[in-house]
Amino acid sequence: MQATRLTLVCHARTVAQKLARFPTDEPVEMDWQSAQGSLRSRFKGQPRLVSGPELRARQTAGLFGSTVEIVEALRDCDFGRWNGAQIDDLQKSEPQTLQDWFDDPHSAPHGGESVAQLGERVAAWLTTLEATPGHIVAITHPFVIRAALTQVLQSPSFNRVDVEPLSAIELRFNGCWRLRLSGTGIEGNCS
């Protein structure tokens with residue numbers, strides 16, 4: 001049985017990330033149009049390319065190819081009334097509410113989706129991939145990637161994972177999900 005290979009790629013940097021704001025449906029900061037297809041050769045063969053529905057994810061997906069399937073399960077966490085809010089402002093205006101949200105994965109004081117709900121959504125999507133052999137490259141968001149990692153590793157460490165723009169992790173399914181860390185490729189060059 002061929003394994004399912006899932007590469008999760010975080011979208012390119014946005015102004016909201018730079019300003020430490022909760023996201024809106026903003027574009028990426030880079031000139032993505034002139035970079036269309038520039039990362040296509042990063043993966044061997046022709047992986048299935050999927051993306052979250054937000055503009056920043058779709059624009060980033062264009063760096064990897066022109067045929068992109070939009071997957072609703074890859075959408076960013078719903079931050080409710082905190083969409084676009086600066087985290088520093090919330091630390092001043094709602095410090096306890098923000099801390100409760102950090103501490104309790106079932107909390108959704110912003111009126112959106114809790115971290116637990118996000119984890120359930122991502123876990124359900126991962127389950128659908130278990131019978132899908134081959135390579136899938138999924139362009140998505142830091143929160144979705146963190147949710148996938150905590151599901152696969154069965155760890156409550158959601159808030160201890162940092163995901164940088166354009167970073168990638170690989171998960172493999174062959175009877176169970178596993179995190180796969182890639183080498184640097186310099187092994188043969190060491191004496």
Side-chain angles (χ1 to χ4, degrees), residues 3-12 14 16-17 20-26 48-58 60-61 68-85 87 90-91 94 96-133 135-181:
T4 300
R5 177 181 172 198
L6 173 63
T7 304
L8 293 164
V9 178
C10 183
H11 62 74
T14 66
Q17 285 175 307
R21 291 184 178 276
F22 283 97
T24 59
D25 195 16
E26 72 274 5
R48 178 176 151 211
L49 182 59
V50 299
S51 169
E54 294 85 357
L55 180 60
R56 60 194 177 275
R58 294 189 328 262
T60 303
V68 181
E69 175 188 343
I70 303 303
V71 175
E72 188 61 28
L74 293 174
R75 75 182 184 284
D76 204 352
C77 186
D78 177 358
F79 297 108
R81 66 181 173 82
W82 288 353
N83 281 336
I87 294 170
L90 290 173
Q91 287 174 329
E94 306 182 47
Q96 190 57 54
T97 305
L98 187 62
Q99 190 59 51
D100 291 345
W101 180 68
F102 283 131
D103 294 342
D104 180 4
H106 297 281
S107 175
H110 45 62
E113 189 174 28
S114 71
V115 168
Q117 289 170 319
L118 172 66
E120 291 167 7
R121 171 170 42 101
V122 172
W125 179 68
L126 288 171
T127 299
T128 68
L129 298 180
E130 291 174 3
T132 309
H135 188 190
I136 301 155
V137 174
I139 312 303
T140 189
H141 311 278
F143 267 60
V144 173
I145 294 171
R146 289 162 66 183
L149 279 174
T150 57
Q151 292 298 314
V152 167
L153 298 176
Q154 299 176 1
S155 169
S157 300
F158 184 88
N159 288 319
R160 293 186 179 180
V161 177
D162 289 329
V163 181
E164 292 291 317
L166 292 175
S167 62
I169 64 157
E170 186 173 306
L171 304 175
R172 298 254 177 135
F173 184 83
N174 193 359
C176 70
W177 282 104
R178 302 173 73 90
L179 172 63
R180 182 180 180 106
L181 300 176

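Residues: numbered from 1 along the sequence shown.
Here the straight-line distance linking atom CH2 of Trp177 with atom OG1 of Thr127 works out to 8.5 Å at 0.5 Å rounding. Rounded to the nearest 0.5 Å, atoms CG (Leu171) and CZ (Arg5) are 11.5 Å apart. One distance of note links CD1 of Ile169 with CG of Leu149; it measures 3.5 Å at 0.5 Å rounding. With rounding to the nearest 0.5 angstrom, the CG atom of Asp103 is 9.5 Å from the CG atom of Leu98. The distance from the CD atom of Glu69 to the CG atom of Leu74 is 9.0 Å, given to the nearest 0.5 Å. Here the CD-CG distance, from Glu170 to Leu179, works out to 9.0 Å after rounding to the nearest 0.5 Å.
Pairs passing the salt bridge (Lys or Arg N to Asp or Glu O under 4.0 Å) check and including a residue from residues 118-127, sequence neighbours excluded, read Glu113-Arg121. Listed by first and then second residue, the ring-ring contact (aromatic ring centres under 6.0 Å, His included) pairs involving residues 107-129 are Trp82-His110, Trp101-His110 (not counting sequence neighbours).
When all heavy atoms are compared, the tightest approach of Ala61 to Ser51 is CB-CB, 4.0 Å. Summarising the geometry of Gln17 relative to Pro165, their closest heavy-atom pair is OE1-CG, 3.8 Å, with the distance given to 0.1 Å. Taking every heavy atom of both residues into account, Ala16 and Pro23 meet most closely at CB-CA, 4.3 Å. When all heavy atoms are compared, the tightest approach of Ala85 to Leu90 is CB-CD1, 4.1 Å. Pairing each heavy atom of Pro109 with each of Ser107, the nearest pair is CD-OG, 3.1 Å. Nearest heavy atoms, Gly119 versus Ala147: CA-CB, 4.2 Å.
Distance alone, capped at 3.5 Å, is enough to place a donor-acceptor pair between the Arg146 side chain and the Phe158 backbone. Between the side chain of Glu54 and the main chain of Asp76, a donor-acceptor pair closer than 3.5 Å is present. Between the side chain of Asp25 and the main chain of Leu55, a donor-acceptor pair closer than 3.5 Å is present. Within the 3.5 Å criterion, the main-chain N or O of Ala3 finds no donor-acceptor partner in the side chain of Asn174.
The side-chain contact (heavy atoms from CB on, under 4.5 Å) test with Ile139 singles out one residue from Leu8, Thr60, Val144, Val50, and that residue is Thr60. For the pairing with Glu26, the salt bridge (charged side-chain N to carboxylate O under 4.0 Å, His left out) check across Arg21, Arg56, Arg58 returns one residue only, Arg56.
In this structure, Cys10 and Glu164 have side chains that are not in contact, with every pair of non-hydrogen atoms separated by 4.5 Å or more.
Residue Arg178 qualifies as open at atom CZ: its count of foreign heavy atoms under 6.0 Å is 12 or below.
Residues satisfying the side-chain hydrogen bond (donor to acceptor under 3.5 Å, both in side chains) criterion with Thr4, sequence neighbours excluded, are absent altogether.
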- Message: Between Leu6 and Leu126, does the side chain to side chain contact (heavy atoms under 4.5 Å, CB included) criterion hold? Intermediate values first, please.
- Response: CA-CA 9 Å; Leu6 173 63; Leu126 288 171; 3.6 Å; yes
